[in-house]
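Proteins get letters first, then strands, A, B, ... in listed order; numbering begins at 1 in each.
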There are 2 protein chains.
Amino acid sequence: MYYTVCEVARRLNLSPHTIRFYGKEGLLDFVDRDQNGNRIFKESDFEKLFIIASLKRSGMTIKQIKEFTVLCDKGDSTILQRLNIIKKQREIVDEEITKLQDALDVLKYKTWLYEVALEAGTTAVHEHMPPEEMPPNIRKIKERIRLLTDDMEARYKKAAIP
Amino acid sequence: MYYTVCEVARRLNLSPHTIRFYGKEGLLDFVDRDQNGNRIFKESDFEKLFIIASLKRSGMTIKQIKEFTVLCDKGDSTILQRLNIIKKQREIVDEEITKLQDALDVLKYKTWLYEVALEAGTTAVHEHMPPEEMPPNIRKIKERIRLLTDDMEARYKKAAIP
DNA sequence: GTAAACCTTAGAGTATACTATCAGTCAAGA
DNA sequence: TCTTGACTGATAGTATACTCTAAGGTTTAC
């Protein structure tokens, strides 16, 4: 049983354009063609394409994925190289998730700010709010923002003046 | 105490180019200028800039951040709109984190594949590996990949044949 | 036989976010 | 005074990943 570009696109939630683009970039050399030159995808091609799509989702560029597929084609002598590429990408994804969780914290903080402001009818409600009135998680996030935005050096100097 | 573009860039881990670019896009209208037209950043500008950088990190485009800052400038009548933008962005970041965690699962699966292949000296070791020999977490990931890449319809049809 | 509904490639266009270059202004130090 | 260094805006260039268009080929239904 064979599948066309459009069928594959629908199943993997990509556009047919994107799949042809990946083909043009040399990522789909394993895909067979019929006598008219049309791509015909085998059942076993789906996992390969899914892995490529996953590497893409993980933040790898098409060029990097291409380099990886070249190593795959070279066979067993490149297993260690491939393992190292995957391990490196795991680190990158871990960092990206941390970055997003930090951004999410800021969004949580802003959500709280606006919910309180909405009830009070004005954002001025926050001007002299003591930390004790904030929920503990919000207080922690605010403290982290303060640490990141504060100029340590200036604070140190200020503290050093008797 | 005032700070220059370069000092601010260093403290917020952005390039001076980027900060001027944000200025050009209308994101930094709150920043004062000296008599020569140079940007002079106040201590209170750091948190504003940090929030902008966080929105950027969360995946918002510069255009979207600009729209948000316009609402901020309009004052208390736009609190609900701003809250809704932040809430929507939280959903987007949640989805993005889920997407990355799925990609990470695939990377974990590939790590295991290559570690086993490295020890065996060949990727052929996986050709007839029974699921019982896989660690449970790897088996779960492989099952998820199978569910995503398999054609449900085809399997249903196959099963329907007596 | 011809139109519809697929597929193909090449190549142009788009969006986003920088990133670099350039010519010019200004203040401070030797 | 002159040089150094940091700033300015305008504008051009780059990278990435699509996304679209155009021109053409097959197969199938009527």
Q | Qualifying ring-ring contact (aromatic ring centres under 6.0 Å, His included) pairs with a residue from residues 48-106 of chain B, counting only residues at least two apart or across chains | A |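 Qualifying pairs: none.
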
Identify, with sequence neighbours excluded, every residue that meets side-chain contact (heavy atoms from CB on, under 4.5 Å) alongside [X].
X: B:Q101; answer: A:I97, B:I97
X: B:K140; answer: none
X: A:A9; answer: A:P16, A:I19
X: A:L113; answer: A:Y109, A:K110, A:H126

Q: Sorted by first residue and then second, give each side chain to side chain donor-acceptor pair (under 3.5 Å) pair with at least one member in residues 22-37 of chain B; sequence neighbours left out.
A: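 Applying side chain to side chain donor-acceptor pair (under 3.5 Å) to every pair that reaches into residues 22-37 of chain B, excluding sequence neighbours, yields B:D32-B:K42.
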
Q: May I have all residue pairs that pass side chain to side chain donor-acceptor pair (under 3.5 Å) and include part of residues 114-124 of chain B, sequence neighbours excluded?
A: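 Counting only pairs at least two positions apart or across chains, the side chain to side chain donor-acceptor pair (under 3.5 Å) contacts touching residues 114-124 of chain B are A:D76-B:T122, A:D76-B:T123, A:R82-B:Y114.
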
**Q.** Side-chain hydrophobic cluster, 4.5 Å single linkage: members besides B:V70
**A.**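 Hydrophobic cluster check, B:V70: no partners found.
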
Between the protein and nucleotides 3-7 of chain C, list every N/O to N/O distance that falls short of 3.5 Å.
| residue | atom | partner | partner atom | Å |
| --- | --- | --- | --- | --- |
| C:dC7 | OP1 | A:T4 | OG1 | 3.1 |

Q. Can a salt bridge be assigned to the pair B:K99 and B:E96 using a cut-off of 4.0 Å between side-chain N and carboxylate O?
A.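 A salt bridge links B:K99 with B:E96.
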
Q: Please list, in 5' to 3' order, the outermost nucleotides of DNA chain D lying under 4.0 Å from any heavy atom of chain B.
A: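 Going 5' to 3' along DNA chain D, contacts run D:dC7 to D:dT11.
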
Q: Sugar-phosphate atoms are those with a prime plus P, OP1 and OP2; base atoms are the rest. Using that split, label each nucleotide of nucleotides 19-27 of chain C B, S or - for protein heavy atoms under 4.0 Å, 5' to 3'.
A: BBB----SS

Q. Sequence neighbours excluded, which residues qualify as salt bridge (charged side-chain N to carboxylate O under 4.0 Å, His left out) partners of A:E143?
A.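 A:E143: salt bridge (charged side-chain N to carboxylate O under 4.0 Å, His left out) contacts with A:R146.
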
